[in-house]
J.: 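Take this structure, written in structure tokens, and hold onto it; I'll ask about it next.
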There are 2 protein chains.
Amino acid sequence: MTYCVGILLADGIVLASDSRTNAGVDNFATFCKMTVFERPGDRVLVLLSSGNLAGTQAVINVLKQRCDATDGTPNLWTARTLFDATMLVSDAVRDIERRDAPFLESGPIAFNASFIVGGQIRGEPPRLFRVYAEGNFIEAGEDTPFLQTGEAKYGKPIIDRVISPTTTLADATKCVLVSFDSTMRSNLSVGMPIDLVCYERDSLEIPMRRRFDQGDEYFAALSADWRAGVRKVFRELPELEW
Amino acid sequence: MTYCVGILLADGIVLASDSRTNAGVDNFATFCKMTVFERPGDRVLVLLSSGNLAGTQAVINVLKQRCDATDGTPNLWTARTLFDATMLVSDAVRDIERRDAPFLESGPIAFNASFIVGGQIRGEPPRLFRVYAEGNFIEAGEDTPFLQTGEAKYGKPIIDRVISPTTTLADATKCVLVSFDSTMRSNLSVGMPIDLVCYERDSLEIPMRRRFDQGDEYFAALSADWRAGVRKVFRELPELEW
């Protein structure tokens, strides 16, 4: 499993991914699921990947190799808009699917690679997309400013309650980390380290990128304070009169 | 879908169920999923049902009819312990499964009836069980004092954070209602009214039973206060220093 979140705010975007992969409960490993394409002053693209690791790694490699092309092949450095960039991710997903899917048919695990794509290209506002395994995709908007992939249910209520487009980047960062904490408590297939990017609108660079590993002091304090805060809120909620 | 929760505390038990049933998104209905067997001073048994309505209703009817038997058939009024009572629920599940399952095999929906059974029989402490669709069952304990069925993921984190065996009945009641609110925001197949029982240890009766319907003032206030409280906690959590 996996847990990835992207939140689109008036002030920018917060993106985070876990790093656990597993094939059964007895075969765990750690792989970064966040890939950043950054050209300061021009564009910032962050990809969060969910699905079978072979599929998502292949898609990322194809995207990177196309970036090195010198024959004018459209790529993530030349895409004019984030919509166009997401189309390129979609194309790469479908290319790998065409290659791999027939060989996976005989086994129990189907081809499955999906992505959250967020960032900003100069001339546009920040945008956030989710590419499904079939290659079609949706864009976040004001009504639903966040997109999740993987084990999304445990961590969704807290985002629902806290996030609106005007939430600050600082509050959204805390909210994303609590959402991961809630998810990791309930699903062993989502695990640290957590990779987090906090992108400030129109900055066109990523100075705020951080990895939270087991035992991270800030993460532990946040988790403890959140638990204590929530218990306090409960004590102060009105009691039911029978 | 369905959402049912039972929480076992030092002070008693809180049990709650939603009332939405559906066959596809265009066929919704409301049915109470909570059944109470109460003989003040002797025993209190609360059953929360999940699964196909035909199956769960049949199980409940069989249990009720056996209670009327005058031929000495063991039933929920004569069971000596809550373990024995849960065995009777399990037996009824298996009886209905034997009857119905073969006829459901040709269709897309398999037999599926599962129950949360909580309460107290004089001479024992309060106990809480979950009966699976196969009729086997588990009992809640100090390490995991709550059991859920149905759409359990959205509402689990808040219970995880708040509930311990020493939580008061009043706080657990609030927590259960917030857990339902979180679930109903995300899954249309879980819906009001919510039936809730708050059982006080050794009382052997249920004076605290309440149905929360659409527009319930207390529920609306609780939901609004919780949202405001959570946002305040977030503002006060330590900010990440980059």
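Hydrogens, waters and symmetry mates are skipped; everything else that's a heavy atom, side chains included, is used. Chain naming here is simple, since letters A, B, ... match the order of the sequence lines and numbering starts at 1 in each.
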J.: Which region of Trp242(A), side chain (C-beta onward) or backbone (N, CA, C, O), has a non-hydrogen atom less than 4.5 Å from a non-hydrogen atom of chain B, or is it both or neither?
T.: side chain

J.: May I ask you to check whether over 12 heavy atoms, not counting those of Arg122(B), lie within 6.0 Å of atom CZ?
T.: no

J.: Any idea which heavy atoms bring Val233(A) and Trp226(B) closest together, and the distance?
T.: CG1-CE3, 3.6 Å

J.: What residue in Arg210(A), Lys232(A), Met208(A) has the most heavy-atom pairs under 4.5 Å with chain B?
T.: Met208(A)

J.: Pick one: which of Thr168(A), Ile158(A), Ile163(A), Thr167(A) meets side-chain contact (heavy atoms from CB on, under 4.5 Å) with Phe234(B)?
T.: Ile158(A)

J.: Counting only heavy atoms not in Glu200(A) (residues, nucleotides, ligands), do more than 12 fall under 6.0 Å from its CD?
T.: no

J.: Which pair of non-hydrogen atoms, one from Tyr154(B) and one from Lys153(A), has the smallest distance, and what is that distance?
T.: CD2-O, 3.2 Å

J.: Has Ile138(A) got more than 12 heavy atoms of other residues, nucleotides or ligands less than 6.0 Å from its CD1?
T.: yes

J.: Tell me the closest heavy-atom pair linking Arg235(B) and Asp171(A), and the distance in Å.
T.: CG-OD2, 3.6 Å

J.: Check whether Lys156(A) gets within reach of chain B through its side chain, its backbone, both or neither, counting any heavy atom under 4.5 Å.
T.: side chain

J.: For each of Ala228(A), Pro207(A), Cys175(A), tally heavy-atom pairs with chain B at distances under 4.5 Å, and name the one with the top tally.
T.: Cys175(A)

J.: Where does Glu151(A) contact chain B at under 4.5 Å (heavy atoms): side chain, backbone, both or neither?
T.: side chain

J.: Do Asp225(A) and Pro238(B) touch side chain to side chain, with heavy atoms closer than 4.5 Å?
T.: yes

J.: Quick one: what part of Ser186(A) sits under 4.5 Å from any heavy atom of chain B, side chain, backbone, both or neither?
T.: both

J.: Is the shortest side-chain N to carboxylate O distance from Arg161(B) to Asp181(A) below 4.0 Å?
T.: yes

J.: Rounded to the nearest 0.5 Å, what separates atom CG in Leu177(A) from atom CG in Leu240(B)?
T.: 7.0 Å

J.: Arg209(B), Arg227(B), Glu241(B): which one forms the most heavy-atom pairs within less than 4.5 Å of chain A?
T.: Arg227(B)

J.: Find the one option among Val230(B), Leu237(B), Val162(B) whose heavy-atom pairs under 4.5 Å with chain A are most numerous.
T.: Leu237(B)

J.: Give a yes or no on whether Glu236(A) atom CD has more than 12 heavy-atom contacts from other residues, nucleotides or ligands under 6.0 Å away.
T.: yes

